[in-house]
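Below is one structure; the comments refer to it alone.
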Amino acid sequence: MKSIYRLKKNSQYNYVYKHAESVADKNIVMLYCKSHSNPTKVGFSVSKKFGKAVRRNRIRRQLKAAVSSVITQVANGYNVVFIPRCREEFVFDDLRQSVVKLFTKSGLMQ
RNA sequence: AGAGACAGUCGGACGGUUGCGUGGGGCAACUCACGAGGAAAGUCCGAACACCGCAGAGCAGAGUGCAGGCUAACGGCCUGUGGAGGCGACUUCAAGGAAAGUGCAACAGAAAUAUACCGCAGCGGCAACGCUGUAAGGGUGGAAAUGCAGGGUAAGAGCCUACAUACGUUUUGGUGACAACGCGUACAUGUAAACCCCACUCGGUGCAAGAAAUGAGAUAAAAUGCUUGCUCGGCAUCUCGACAAAUUCGCUUGACGCUAUCGGUAACGAUAGUGCUAGACAGAUAACCGUCUAAUACAGAACUCGGCUUACAGACUGAACUCUUGCA
RNA sequence: GCUACUAUGGCUCAGUCGGUAGAGCACGUCCUUGGUAAGGACGGGGUCACCGGUUCAAAUCCGGUUAGUAGCU
């Protein structure tokens with residue numbers, strides 16, 4: 001995923017947390033809000049409940065790969081934050097399906 | 001054959017599709033190279049480096065504590081000494097001072113740093129008991145005058161002797177810790193990871209340190225500031241300033257790794273050759289498959305090194321290592 | 001990344017310069033009342049987060065581990 005799609009500043013995250021609407025299923029919570037950024041920007045947040053750094057990194061990477069496969073089909077002008085829900089293990093296909101599901105549910109899919 | 005002890009190594013490899021970070025090439029499309037660990041972890045020590053209008057003195061405070069060596073330095077490492085453990089190979093120890101002083105030692109016990117309860121013996125007394133001597137025996141306790149044997153005695157006692165133990169000391173050996181032999185003494189317990197004494201070390205803060213460029217602005221006060229406390233001394237008087245946001249440097253060639261030779265018991269050092277091996281800033285090193293295989297452990301860099309501590313599936317190596325059993 | 005601190009009964013806390021762990025609330029039984037509350041009496045409940053060390057003796061002193069909290073950013 002290229003760096004233009006990424007959410008970078010702490011303040012941007014805070015803005016999303018304050019003003020966002022949320023969609024969720026059993027795997028992921030997705031927060032999104034409108035912004036002026038032209039390609040839609042995406043951020044990830046994995047909490048310390050998931051375990052130590054290796055495990056959190058793996059979950060973040062899987063999520064990142066799932067999102068980057070569909071990022072080109074998403075409408076412009078949004079900031080999005082993904083938060084995975086507490087699980088033992090994630091299967092990549094499940095993650096990908098729920099990402100697609102959440103995008104269509106929130107109406108961001110073109 | 002079984003059971004151990006010591007010192008180390010590795011801790012996945014290859015291929016496909018789609019991607020990410022840094023650097024190089026290219027106008028661009030694109031392409032080439034490299035891309036987590038032995039602990040990257042804990043942040044427990046030590047440095048390097050940077051800043052604090054030079055860090056000066058004293059007190060306070062903190063740390064270390066057998067000897068010699070190694071190291072940039074260390075609370076680290078090596079080799080020894082002494083104690084403890086093991087049949088042994090070997091392991092392990094915050095291992096200075098209790099005769100400088102102070103504190104503490106509950107309960108039990110007659111008595112806890114000082115003592116006579118029972119007992120033993122002598123004297124007095126009809127007796128009950130009293131006075132005196134005594135630490136061999138009793139019970140208490142973690143700790144009660146050195147343990148045991150013989151002599152000695154009214155009963156006893158290092159009071160005397162042999163052996164042992166502890167301390168001091170002459171000589172000899174060793175750089176030294178210390179050891180051996182001889183001589184003398186028996187000086188009333190433990191605790192310093194209680195205060196303390198002695199010797200040595202320590203200014204503070206940490207890359208979110210800081211530097212540069214751009215620079216909206218604020219301030220003109222006699223006191224304020226100078227980065228753990230207090231006192232003295234010294235210095236400065238123009239500076240402050242990135243705030244929910246932003247750039248470049250610091251940033252990776254280093255007390256570096258590997259190989260060989262030499263010196264050293266070793267830690268380590270010297271010389272020669274050779275290699276360049278992450279450098280991000282919401283933070284790359286991945287996602288999905290296939291083959292091999294025993295391949296599944298613990299675990300993810302954020303300024304950098306040297307250690308320590310903690311976690312760890314499995315695989316393997318070395319030195320004529322040790323013990324037990326069997327056979328020759 | 002850096003720096004401090006905490007862990008004691010079901011809950012909130014004392015005890016922290018060593019000597020066998022307490023208070024309040026809660027819980028149980030009894031008294032009191034026509035009954036309940038309040039009040040009174042008695043009682044139960046703790047490997048002092050975990051693992052080692054120093055000491056005769058550790059909640060306390062020293063080292064390590066695990067959770068959690070706060071601050072800088």
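So you know, we letter chains A, B, ... as the sequences are listed, proteins then strands, and number each from 1.
- The distance between atom CZ of Arg96(A) and atom P of A287(B), rounded to the nearest whole Å, is 14 Å.
- Comparing the same atom, C1', in G40(C) and in U32(C) gives a spacing of 8 Å after rounding to whole Å.
- Side-chain atoms of Asp25(A) come within 3.5 Å of backbone atoms of Ile28(A) as a donor-acceptor pair (strictly under, hydrogens ignored).
- Across the P atoms, G11(B) and G38(B) are found 9 Å apart, a figure rounded to whole Å.
- G273(B) and C14(B): their C1' atoms are spaced 34 Å apart (whole Å).
- In the set G300(B), A287(B), G283(B), G283(B) carries the atom at the smallest distance from any side-chain atom of Lys64(A).
- Taking atom P on both G300(B) and A40(B), the two are 12 Å apart, rounded to the nearest angstrom.
- Taking only distance into account, the side chain of Arg61(A) meets the base of G300(B) through a donor-acceptor pair shorter than 3.5 Å.
- Glycosidic conformation of G28(C): anti, with the torsion beyond 90° of 0.
- The gap from the C1' atom of A280(B) to that of C249(B) amounts to 16 Å, rounded to the nearest Å.
- Comparing the C1' positions of A311(B) and G37(B) gives a spacing of 13 Å, expressed to the nearest Å.
- Summarising the geometry, the separation between CZ on Arg58(A) and P on U285(B) is reported as 12 Å, rounded to the nearest angstrom.
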